[in-house]
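Lettering of chains follows the sequences in order, A, B, ..., and the numbering in each one begins at 1.
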Amino acid sequence: MSTHTTRPASQLDVQAIRRQFPILGEKVHDRPLVFLDSAASAQKPDAVIESMANTMRHQYANIHRGLHWMSERTTEAYEGVRDLVADFLNAPSREEIVFTRNSTEAINLVAHSFGALLRPGQAVLISQMEHHANLVPWQMLRDRAGIELRVAPITDEGDLDMEAYKALLADGKVALVAITHMSNVLGTITPAQQIAELAHAAGALVLFDGSQSVVHHRTDVQALGADFYTFTGHKLYGPTGIGVLWARRTLLEDMPPFMGGGDMISTVTFDRSTWANIPHKFEAGTPAIVETIGLGAAIEWVGKIGFDAIAAHEAELTAHALQRLAEVPGLNIVGHPRVRGGVVSFTMADVHPHDMATLLDRNGIAIRAGHHCAEPLMRRLGLSATARASFGIYTLKEEIDVLADTLVRIRDFFV
Amino acid sequence: MSTHTTRPASQLDVQAIRRQFPILGEKVHDRPLVFLDSAASAQKPDAVIESMANTMRHQYANIHRGLHWMSERTTEAYEGVRDLVADFLNAPSREEIVFTRNSTEAINLVAHSFGALLRPGQAVLISQMEHHANLVPWQMLRDRAGIELRVAPITDEGDLDMEAYKALLADGKVALVAITHMSNVLGTITPAQQIAELAHAAGALVLFDGSQSVVHHRTDVQALGADFYTFTGHKLYGPTGIGVLWARRTLLEDMPPFMGGGDMISTVTFDRSTWANIPHKFEAGTPAIVETIGLGAAIEWVGKIGFDAIAAHEAELTAHALQRLAEVPGLNIVGHPRVRGGVVSFTMADVHPHDMATLLDRNGIAIRAGHHCAEPLMRRLGLSATARASFGIYTLKEEIDVLADTLVRIRDFFV
Amino acid sequence: MKTATAERDALYDRLIVERARTPQYAGRLDRPDVQGDGRNPLCGDKTHLDIVLDGHHIQAIRHQTRGCAICAAAADLMAEQVQGGTVAQALGMSDRFMAMLVGTSPLAVADDQPAPLGALEVFAPLRSHKARIRCAELPWIALKEAFSHVDG
Amino acid sequence: MKTATAERDALYDRLIVERARTPQYAGRLDRPDVQGDGRNPLCGDKTHLDIVLDGHHIQAIRHQTRGCAICAAAADLMAEQVQGGTVAQALGMSDRFMAMLVGTSPLAVADDQPAPLGALEVFAPLRSHKARIRCAELPWIALKEAFSHVDG
Ligand SMILES: Cc1ncc(COP(=O)(O)O)c(C=O)c1O
Ligand SMILES: Cc1ncc(COP(=O)(O)O)c(C=O)c1O
């Protein structure tokens, strides 16, 4: 049916993959949808949609506290995803996997519960390229707990400035380094292993915001030397409403709970309550049961495709995009990091990113424009907004060509 | 197809409704599923399942920050549910509707953000029949903020002891009354309007935990005189992962945010951030987009059936259950409140609730047994556990008969 | 090719693109009687207005705008439409403009008072691009602020 | 009718129901050498063990159990099986019992050591009722606690 016949050099059969995403057959303003906004949220394959629908159709009840068949089977399915996630991250133990709504909640949980153990005089160190999700919670902690918030600068290319980073660790006051594993604006993949080594050498723990990175390559929290790691289901071809915090067991054990309620307690009296074991201590109330099961389906689906194929495909797309976009008159690529994932930001002389986005949309092309929840980074870049195209498993080289061609016409129209 | 032909006196065509719940056709241990555990979590009609699946199949993208068609349409769908919820609760304004994961998170949000405005010397007043979700967050607040936690007793019948309640308000120290609108154990529907009037007269605000009650009758937060109201989607035939906090505008405006991140800010610099307007101030990060849309479908679905029909049907079921269960030898109904919803707890002489639950399950009947996340209430009742049957839109009188008959056989088996 | 895109985008009328590129009312005034500011933190757009009044009349108006084409053109066309009129007329036009954008009025032609929006009607297609409505509204928000202490 | 339910529930073997109703090893001992407690906060089940030792041998054991039939029968049948044996034998039996419940061992018959679980095998059907496994385990957890300071 499709007129796209080129097959990327990677092993991925992209057309076969696309057929598993019903939405990719939709039209927008009478044009075929060209979806280049996966970094904001990825589309969902049938496997995920059906696993959720089938749970609700055939095997659903509230979990943990039920003694009946539906409840036991649903509990098994839910807890089974904890094993899948532990495996996905190569976590030492399933009990170190805490389910949250999204990456934002995972980071807030750490800021609240690990943050409660920090004292004035200690510092949290973030970077200049953080998403608001890995910035505002630390700011709120700073204002609440009287700790210091330090910001590691980036280079003009968009890499973490490692010398400055080391200098900021030097006085030994930093208790926690919280840094993105991949920038949602610049595409930068940060040298997580080195960041962790330097942090540990300075007596600091390290949290990586893996919201963008887990989608593009295999993640191994042990090899990275991470202490905390977070990601969010909806960017990993999974459902909304589900995210993950991984943290080392001893940390989770020492941290006070975040929210109180059912399922997170051991015993309750009006005077005093005691907490359940990890990870349940951090999962109050009825969790996002169906979404967790959907996340499991997403992880299994991605696992079947394999990160070797995914990474190869996305590297090819990104290289192609950098080349084609560079040819567009007046276009300026924002960020030239050493290692990058499938995200490219750009601006265009005389055309505001919002106008680009709207005009692209009129042609069926979905990109994002704005500050990408990274206002301080925009300020560092001297910009108020960028346009951003981002790629996923289902992205075609031809779609990038359509983007580049349309940008040329938009530029013509404006200048 | 079905052999059930009786039609309840209420207007509800229960068989037609049941056909919309695929799971009700399932078998458990080779017996037709008799699902009497809706108070823990209700099953989902096709309308909800399909609205979620179709969103993911045809019209999905991240919301609020996108300028493209998919994002705008998804934003409209998501924000449209805020209108539906405002209407569902008869809230004065859509901006007073905050989406959370569940009721538990809604209460924790209030305990955290409203709690931050309380000072030592002030008190929060709960009741003896609270779910842990409306108890532990206040306990944590007490321990954090040095406020007092008071507990209003219940009568032996399972009603709030109104005289004692008044007495606990008398010194004017209570800043907030947080009480369930319907007990998940006793079925008690509390006199919310009267509770609110007395609270206000004593200078206290009032929060109702509507997790159980919104399912059974029409809710009007203005008529009740509530200041805060919470409920949870999965008990209202809606998805997991989505709950609601309603609060009066001025309260939400005065409260500091709960979590930090994207979407809840107005401007961000490393020094200082300012917050978005309500309700966005309280919705950090990518929300449970698809689940919110599913909640909207649930509310519309329930609305089409109408609370008059639902309440009549459930009243009939509950009366029937009370009568049939009273005939089971050795069975003791726990709680005889003045006004009750479709929840009946019971114990049986010489048979532990867990054994009842497992044996009922072997016969395809799903009920709940345990402390129902209300340990202090169990202690008040002098019990360690109860069995609980709970009814929903799709429950048949015949299913209650099957329950009662099977309980008689279980009792025979044990005694 | 140019036309292909342009045709698809009634929204980006040539007038909008031209006024964004070559504004007629950009700049500052020496001694403004009132000033107004609009800022959209979500996208970083800003506009500043200087206004000189002569009684109830808007004698001169200039804007300094940093933003997208929609916002820049909206500021410039607004200035063109309100200069020379009264404050009350400007505020009335503001209401009709907002109503047109949210689609509550059929192209701003009310029954009793057929005051047209003139060139401002090029913004009507924004109705189907809700996220961009704020861009066109921003200058009018600044105008309202400028007049918030002036009697109509 | 009685049989109908009973047949469906191999899980609730008559032995379990009888021992729950009429335990043989319920009660306290006057001067226990060791004691153990098990408590499942989720369901409120509790068991207390008093044990009199004679060297490495379990001379007498009594339990006081408040809980469901599974828990009560498990405590009573455990007492019956371990009384008279050594501490090491009891702990070995504990391991085999747990393994049977989680289904890692085929009915507790290991290759080299065919030590059967005897009457305890009535609990095997619990495998498919994961939420109830804790009920049967509770007395064994109390036993482990009792022996935690005793050399096997
Ligand atoms: C009365 C009551 N309050 C609160 C809750 C908590 O609801 P959720 O677990 O969805 O947060 C429940 C249900 O478990 C309940 O019955
Ligand atoms: C780098 C980064 N961190 C955190 C987040 C927040 O993810 P979520 O909104 O799912 O919590 C995002 C995505 O928006 C992101 O790109």
For this session: Kindly compute the distance separating NZ (B:Lys44) from CD1 (B:Ile49), expressed to the nearest 0.5 Å.
Result: 9.0 Å

For this session: Could you tell me the separation between the CE atom of B:Met259 and the OG atom of B:Ser113, rounded to the nearest 0.5 Å?
Result: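 Going from the CE atom of B:Met259 to the OG atom of B:Ser113 covers 9.5 Å.
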
Against chain B, label [X] side chain, backbone, both or neither, depending on which of its atoms sit under 4.5 Å from a heavy atom there.
| X | answer |
| --- | --- |
| A:His58 | both |
| A:Val151 | side chain |
| A:Phe35 | side chain |

For this session: Classify the ring geometry between B:His64 and B:His280 as parallel (under 30°), tilted (30 to 60°) or perpendicular (over 60°).
Result: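 Ring orientation, 0 to 90° scale: perpendicular.
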
Given a strict heavy-atom distance threshold of 4.5 Å, which part of [X] is in contact with chain A: side chain, backbone, both, or neither?
| X | value |
| --- | --- |
| B:Met56 | both |
| B:Asn62 | both |
| B:Glu291 | both |
| B:Met378 | neither |
| B:Gln59 | backbone |
| B:Ile242 | neither |
| B:Leu135 | side chain |

Exercise. Is any residue of residues 66-73 of chain A within less than 4.5 Å of chain B by heavy atoms, and which ones?
Worked result: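 Against chain B, the residues of residues 66-73 of chain A that fall inside the cut-off (heavy atoms, under 4.5 Å) are A:Gly66, A:Leu67, A:His68, A:Trp69, A:Met70, A:Ser71.
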
For this session: Under the side-chain contact (heavy atoms from CB on, under 4.5 Å) rule, collect the residues that match up with A:Ala387, sequence neighbours excluded.
Result: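 Once residues adjacent in sequence are excluded, the partners of A:Ala387 under the side-chain contact (heavy atoms from CB on, under 4.5 Å) criterion are A:Phe346, A:Pro353, A:Met356, A:Ile367.
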
Most chain B-contacting option - heavy-atom pairs closer than 4.5 Å, from [options]:
| options | answer |
| --- | --- |
| A:Thr286, A:Val290, A:Ile289 | A:Thr286 |
| A:Ile126, A:Ile265, A:Leu109, A:Asn134 | A:Ile265 |
| A:Leu24, A:Asp46, A:Asn102, A:Val268 | A:Val268 |

For this session: For A:His372, enumerate each residue passing the ring-ring contact (aromatic ring centres under 6.0 Å, His included) test, keeping only those at least two apart in sequence or located in another chain.
Result: none

For this session: Report the residues that fulfil side-chain hydrogen bond (donor to acceptor under 3.5 Å, both in side chains) with A:Arg379, sequence neighbours left out, ordered by chain and then residue number.
Result: A:Glu375

For this session: Report the C-alpha separation of A:His131 and A:Asp209 in whole Å, then their side-chain angles, then the decisive distance to 0.1 Å, and conclude whether the side-chain hydrogen bond (donor to acceptor under 3.5 Å, both in side chains) test is met.
Result: CA-CA 9 Å; A:His131 188 280; A:Asp209 171 2; 5.6 Å; no

